[in-house]
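The structure appears right after this line, and notes come after that.
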Amino acid sequence: MASNGKVITCRAAVAYGPGQPLVVEQVQVDPPQKMEVRIKILFTSICHTDLSAWKGESEAQRAYPRILGHEASGVVESVGEGVIDMKEGDHVVPIFNGECGDCIYCKSSKKTNLCGKFRVNPFKSVMNSDGKVRFRNKDGIPIYHFLNTSTFSDYTVVDSACLVKIDPHAPLDKMTLLSCGVSTGLGAAWNTADVQTGETVAVFGLGAVGLAVVEGARTRGASKIIGVDINPEKRIKGEAIGITDFINPKEIDVPVHEKIREMTEGGVHYSFECAGNMEVLREAFLCTHDGWGMAIVLGIHPTPTLLSLHPMELFDGRRIVASVFGDFKGKSQLPLFAKQCMAGVVKLDEFITHRLPFEKINEAFQLLIDGKSLRCLLHL
């Protein structure tokens with residue numbers, strides 16, 4: 001491309017302060033440096049992690065100005081020195097939890113999907129290679145990065161470890177979902193829990209991640225999938241994807257965990273907390289069966305509040321773990337997952353509830369805040 005090695009001027013939605021509307025304006029995007037890739041974003045979407053960062057709910061998220069966004073798909077525009085696994089024109093999906101392939105974490109096989117250099121880090125706001133940014137606004141002011149990706153821009157620069165090459169025939173709009181939400185939820189069911197045919201599941205919070213858990217449990221043949229949400233409208237979408245039962249905590253007169261134990265002869269095999277609420281997490285833990293139950297944390301918890309859990313409660317055999325990116329190793333395993341989605345193993349259409357042009361990104365945020373969207377796809 002004629003732009004190779006040159007600064008690109010393009011649109012981006014810039015956050016200048018917590019809770020302030022994003023400003024869609026012209027920014028400058030530098031060429032990729034060593035082991036970096038500059039990509040043309042074709043589709044991006046908003047998840048609750050973006051919403052939390054936009055609100056500035058934790059100190060780690062208060063670096064301004066900043067370009068948010070981490071769910072996207074696009075095409076490689078140019079590559080920096082040393083990049084050999086991608087080239088101009090490749091179809092790609094950026095990932096917030098990278099995989100360098102060389103560190104002790106990446107070489108750990110199935111022990112972890114974290115990476116020593118490029119794991120998810122909400123405090124990180126610059127590039128690895130030189131500690132600098134690749135964005136500037138029209139006044140030359142540096143703009144910080146977000147979660148290794150910064151996809152709310154026509155062009156972005158990412159480390160090659162945070163970019164996955166996918167099948168060129170894969171529908172890029174749907175592949176956007178693999179950057180975060182669907183991979184996180186479905187992977188938690190497939191990889192973290194490894195749900196088996198006939199087992200029982202409870203999912204707390206039926207947003208995109210929660211419903212991706214439902215989809216993962218459905219494809220594994222779970223016999224009972226209980227959806228828990230205070231929004232009664234979530235029941236319809238949940239049933240369309242695969243829940244067998246629905247509980248609205250506001251409509252019962254006993255704690256949710258007691259209701260679930262009653263429905264499942266003592267508790268579910270696996271529960272998934274997708275709400276980012278400490279009280280909900282405790283209910284998710286207690287609703288699992290003693291002896292073998294596992295509660296899996298997926299929700300973002302930006303507050304400093306600690307979990308109310310006595311160590312002796314763990315002696316009943318219940319476990320509690322967290323799952324990052326559904327325990328997928330991004331570069332190693334996401335290409336196969338993309339092919340499985342293309343083959344119809346996973347239903348992606350149900351997750352895209354709205355489509356808007358990029359200029360209406362603030363409307364997309366409002367749809368998520370109001371609970372009206374799972375994923376609003378923004379086309380650039």
Side-chain angles (χ1 to χ4, degrees), residues 10-29 41 44-72 94 96-97 119-127 131-154 156-158 179-181 184 205 207-209 231 274-281 297-306 324 354 356 358-376 378 380:
C10 67
R11 296 173 306 168
V14 183
Y16 280 96
Q20 296 180 17
L22 301 185
V23 178
V24 179
E25 61 181 359
Q26 294 291 301
V27 301
Q28 293 182 320
V29 185
I41 299 294
T44 189
S45 56
I46 303 166
C47 88
H48 278 87
T49 304
D50 299 311
L51 181 57
S52 176
W54 172 72
K55 291 179 178 178
E57 290 181 336
S58 72
E59 184 177 350
Q61 299 165 336
R62 297 172 192 159
Y64 302 104
R66 198 172 199 177
I67 295 177
L68 303 176
H70 65 289
E71 276 194 348
F96 63 88
N97 192 55
R119 70 175 65 185
V120 56
N121 180 1
F123 289 94
K124 181 181 175 184
S125 57
V126 294
M127 299 300 291
K132 298 179 180 179
V133 301
R134 301 291 179 262
F135 301 107
R136 296 182 304 278
N137 68 10
K138 63 181 182 299
D139 298 318
I141 297 174
I143 301 174
Y144 292 109
H145 295 252
F146 176 67
L147 288 185
N148 293 323
T149 49
S150 291
T151 63
F152 292 165
S153 176
D154 283 324
T156 189
V157 176
V158 301
S179 276
C180 180
T184 296
V209 172
N231 183 350
C274 310
N277 182 292
M278 204 62 68
E279 294 180 4
V280 172
L281 176 53
V297 185
L298 296 172
I300 300 298
H301 291 259
T303 71
T305 306
L306 300 180
V324 175
H354 297 76
L356 288 173
F358 181 64
E359 291 83 0
K360 295 188 177 182
I361 189 170
N362 288 300
E363 292 183 29
F365 265 92
Q366 195 61 49
L367 287 169
L368 189 62
I369 292 170
D370 294 340
K372 295 180 179 179
S373 71
L374 291 177
R375 284 295 183 267
C376 178
L378 299 165
L380 288 88

Taking only residues two or more places apart in sequence or in another chain, which ones pass side-chain hydrogen bond (donor to acceptor under 3.5 Å, both in side chains) with [X]?
X    : result
H301 : E273
T149 : none
S153 : none
R134 : E36, S129, D130

- Residue pairs fulfilling side-chain hydrogen bond (donor to acceptor under 3.5 Å, both in side chains) with at least one residue in residues 360-369, sequence neighbours excluded: Q366-D370

Side chains of [X] and [Y]: closer than 4.5 Å at any heavy-atom pair?
X    : Y    : value
I141 : P65  : yes
T49  : F146 : yes
R375 : C47  : yes
D50  : H70  : yes
V324 : V120 : yes

- Return the set of residues passing ring-ring contact (aromatic ring centres under 6.0 Å, His included) with F152 (not counting sequence neighbours), or none when no residue passes. none

- Message: Which residues pass the salt bridge (Lys or Arg N to Asp or Glu O under 4.0 Å) test with E25, not counting sequence neighbours?
- Response: K138

Taking only residues two or more places apart in sequence or in another chain, which ones pass side chain to side chain contact (heavy atoms under 4.5 Å, CB included) with [X]?
X    : answer
A15  : L22, Y64, L68
L51  : H48, W54, K55, F365, L368, I369
E359 : R11, P357
N148 : K124, C162

In Å and rounded to the nearest 0.5 Å, what is the [atom1] to [atom2] distance from [X] to [Y]?
X    : Y    : atom1 : atom2 : result
L367 : I46  : CG    : CD1   : 8.5 Å
L378 : H354 : CG    : NE2   : 11.5 Å
N137 : I143 : CG    : CD1   : 5.0 Å

